[in-house]
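Read the structure below first, then the notes.
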Amino acid sequence: MDPENSLGRPLLTEQALSGQIDLHCHSTASDGILSPTALVSRAKSAGVTLLALTDHDTVAGIDEAEAEARVQELTLLPGIELTALWGRRVVHIVGLNVDRRAAALVQAIGRRDQLRRERAQQIAERLEKRGFAGALAGAQMLAGEGVIGRPHFARWMVEAGHVSDSGKAFKRYLGAGKIGDVTVPWPDMVETVAAIRGAGGAAVLAHPLKYGLTRTKLRALLVDFCAAAGDAVEVVCGQQNPVQTREILGLLDQAAASDGESGRLLASLGSDFHQPDQPWRALGCVRLPAGVEPVWNLWQTGADQVQ
Ligand code: AMP
Ligand code: MN
Ligand code: MN
Ligand code: MN
């Protein structure tokens, strides 16, 4: 991507902003089922001109995605979706346009890699106690060289004939409050935002409505995210009804009103694509509502976002 700004980070071309924009998706480097190459090629076919690959807790797919993006003449932003804790709750923080070699990010990824390996063993032990033998080997096989997560256990349970689909595996065994829902000491949200910004990236609070929080808690989360120097919020994630979009916009207004100093949070969007058979999160299916400032303005101006 060219040209570059004074920090060596890319500025976006008009071409990059001329089609669909999708800043949240997954490949086989984490829990997606398309390789980075297949993902980028599919995004191109869907009319995407600016894509961020944001695998869970890894940047391992970025090199391959970048190579295919050059072939497809599509602009690829290196990204990541970091798992973090806000209090005792798990939240996801997307990092966009990160320098994947920055020490802060390498360290953040290394910590999570270790936590995910330990958690996979614990999940497997619990499932085996319930009579599901071979869970670890099965999930590891499906994860391949990618970062292992609960979806790999869910897919293994489907393949082994224990449940009829992944949704049921989460509902019965892996989702909140079930035996496979192991408590993990993920790094805190504040330090996660700092790691992303330390790597020159923009920190985006992913899918705020998917944490099962009350309005009051959501407002508190946004205030804390602002105070942690978060840059943007996903205003649209996958197919979303207008009521939900308005709810998030309302939260942004309230966060701005309660924190006059750090300025307004920017707006991001993404499909959260994982696999082709989920049309509600198809690549490029998202559009920002009017009246918000998009997160990509950070890169168009070339402004230094690391203060
Ligand atoms: P992990 O990061 O390993 O804890 O797994 C979280 C991932 O599991 C999410 O990114 C989703 O892709 C997937 N997931 C979470 N909840 C469900 C669910 N109820 N049904 C299917 N997949 C889910
Ligand atoms: Mn996922
Ligand atoms: Mn997520
Ligand atoms: Mn995601």
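Keep in mind that what you see is a predicted model, and the values were worked out from it rather than measured.
If you chain together hydrophobic residues whose side chains sit under 4.5 Å apart, Leu115 and Ile196 never meet in one group. Cluster membership for Val106 and Val59, using ILVMFWY side-chain heavy atoms within less than 4.5 angstrom, is not shared. With hydrophobic clusters built from ILVMFWY side chains whose heavy atoms lie under 4.5 angstrom apart, Val190 does not share a cluster with Leu213. Following chains of ILVMFWY side-chain contacts shorter than 4.5 Å, one cannot reach Trp186 starting from Leu221, and the two form parts of different hydrophobic clusters. In this structure, Leu39 is not a member of the same hydrophobic cluster as Leu142, with clusters built from ILVMFWY side-chain heavy atoms closer than 4.5 Å.
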### Task
Any chance you could lay out the side chain to side chain contact (heavy atoms under 4.5 Å, CB included) test for Leu77 and Val98, step after step, and finish with the verdict?
CA-CA 8 Å; Leu77 288 175; Val98 289; over 6 Å; no
### Task
Please lay out, stage by stage, how Asp165 and Lys168 fare under the test salt bridge (Lys or Arg N to Asp or Glu O under 4.0 Å).
CA-CA 6 Å; Asp165 60 74; Lys168 289 211 178 71; 3.3 Å; yes
### Task
Dump the intermediate steps for side chain to side chain contact (heavy atoms under 4.5 Å, CB included) on Ile179 and Leu127, then the final yes or no.
CA-CA 8 Å; Ile179 50 160; Leu127 289 178; 3.9 Å; yes
### Task
Determine, step by step, whether Cys237 and Leu269 satisfy the side chain to side chain contact (heavy atoms under 4.5 Å, CB included) criterion, reporting the C-alpha distance in whole Å, the side-chain angles of both residues, the deciding distance to 0.1 Å, and the verdict.
CA-CA 6 Å; Cys237 183; Leu269 84 175; over 6 Å; no
### Task
Step by step, work out the side-chain hydrogen bond (donor to acceptor under 3.5 Å, both in side chains) result for Glu118 and Gln114.
CA-CA 6 Å; Glu118 289 167 4; Gln114 189 192 346; 3.1 Å; yes
### Message
Please evaluate residues Val235 and Leu252 with respect to the criterion side chain to side chain contact (heavy atoms under 4.5 Å, CB included), reporting the C-alpha separation (whole Å), side-chain torsions for both, the decisive distance (0.1 Å), and the verdict.
### Response
CA-CA 9 Å; Val235 164; Leu252 287 186; 3.8 Å; yes
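The local environment of NZ in Lys217 is sparse, with at most 12 non-hydrogen atoms from other residues, nucleotides or ligands closer than 6.0 Å.
Side chains of Arg287 and Gln20: a donor-acceptor N/O pair is present below 3.5 angstrom, by distance only. Between the side chains of Thr245 and Gln240, a donor-acceptor pair is found at a separation under 3.5 Å. Inspection of the His92 and Glu81 side chains reveals an N or O donor paired with an N or O acceptor under 3.5 Å. Using a 3.5 Å distance cut-off with no hydrogens or angles, the side chains of Asp31 and His274 do pair a donor with an acceptor. A side-chain donor from one of Arg281 and Gln278 sits under 3.5 Å from a side-chain acceptor of the other.
Within the 4.5 Å cutoff, no side-chain heavy atoms of Leu85 are placed close to those of Pro187. Within the 4.5 Å cutoff, the side chain of Leu209 has heavy atoms near those of the Ile248 side chain. Counting only heavy atoms from C-beta outward, the side chains of Arg215 and Leu218 never approach each other to under 4.5 Å. Residues Leu50 and Leu17 form a side-chain contact, since some pair of their non-hydrogen atoms from C-beta on lies under 4.5 Å apart. Residues Pro294 and Leu266 are not in side-chain contact: their nearest non-hydrogen atoms beyond the backbone lie 4.5 Å or more apart. Contact of the Ile109 side chain with the Ile80 side chain is registered, since non-hydrogen atoms from C-beta on lie closer than 4.5 Å. The shortest side-chain heavy-atom distance between Pro208 and Val233 falls under the 4.5 Å cut-off. Using a 4.5 Å cut-off on side-chain heavy atoms (C-beta onward), Thr75 and Gln15 make no contact.
The backbone N or O of Val184 lies less than 3.5 Å from no partner atom in the side chain of Arg119, so there is not a single donor-acceptor pair. A donor-acceptor pair is defined here as one N or O able to donate and one able to accept, closer than 3.5 Å; such a pair exists between the side chain of Asp22 and the backbone of His24. Using modelled atom types, no side-chain atom of His56 and backbone atom of Ala29 make a donor-acceptor pair closer than 3.5 Å. The closest donor-acceptor contact from the side chain of Arg112 to the backbone of Asp57 lies at 3.5 Å or more, if one exists at all. Without hydrogens or angle criteria, Gln244 side chain to Asn241 main chain gives a donor-acceptor distance under 3.5 Å. Although no hydrogens or angles enter the test, the distance criterion places no donor-acceptor pair under 3.5 Å between the side chain of Arg111 and the main chain of Gln107. Counting only distance, with no hydrogens or angles, the side chain of Glu128 and the backbone of Gly134 share a donor-acceptor pair below 3.5 Å. Checking side-chain atoms of Arg155 against main-chain N and O of Ala139 turns up no donor-acceptor pair under 3.5 Å. With hydrogens and angles ignored, the 3.5 Å screen pairs a side-chain donor or acceptor of Thr54 with a backbone N or O of Cys25. A distance-only check finds a donor-acceptor pair linking the side chain of Asp231 to the backbone of Ala203 [under 3.5 Å].
Residue Tyr211 comes nearest to Ala206 through the heavy atom pair OH-O, 2.7 Å, listed as atom of the first residue, atom of the second, then distance. Contact detail for Ala102 and Gly198: the closest heavy-atom pair is CB-O, 4.3 Å. Between Ile93 and Ala84, the shortest heavy-atom distance links the atoms CG1-CB, 4.3 Å. The shortest non-hydrogen separation linking Ala124 to Leu136 is CB-CB, 3.6 Å. Of all heavy-atom pairs spanning Asp277 and Pro279, the tightest one is O-CD, 3.4 Å. Nearest heavy-atom pair, Gln122 versus Val182, reported as atom, atom and distance to 0.1 Å: OE1-CG1, 3.5 Å.
The CG atom of Leu288 lies 11.0 Å from the CD atom of Glu293; values are rounded to the nearest 0.5 Å. The line from CG of Leu51 to CD1 of Ile21 is 11.0 Å long, rounded to the nearest 0.5 Å. Asn297 CG to Leu12 CG: the interatomic distance, rounded to the nearest 0.5 Å, is 9.5 Å. Taken to the nearest 0.5 Å, the OG atom of Ser271 stands 12.5 Å off from the CH2 atom of Trp280. One finds the CD atom of Glu159 at 9.0 Å from the OG atom of Ser166 (value rounded to the nearest 0.5 Å). In this structure, SG on Cys226 lies 9.5 Å from CZ on Arg264, to the nearest 0.5 angstrom.
The side chain to side chain donor-acceptor pair (under 3.5 Å) with Ser27 is formed by just one residue from the set Thr58, Thr37, Asp55; it is Asp55.
Here the two rings, on Phe273 and His26, have centers that are 6.0 Å apart or farther. Checked against the 6.0 Å centroid threshold, Phe132 and Tyr173 count as a close aromatic pair.
A salt bridge is defined here as a Lys NZ or Arg NE, NH1 or NH2 lying under 4.0 Å from an Asp or Glu carboxylate O, and Lys178 with Asp181 fails to meet this definition. Ion pairing between Arg130 and Glu125 fails under the 4.0 Å rule for side-chain N and carboxylate O. A salt bridge does not link Glu68 to Lys44: none of the charged nitrogens lies less than 4.0 Å from a carboxylate oxygen.
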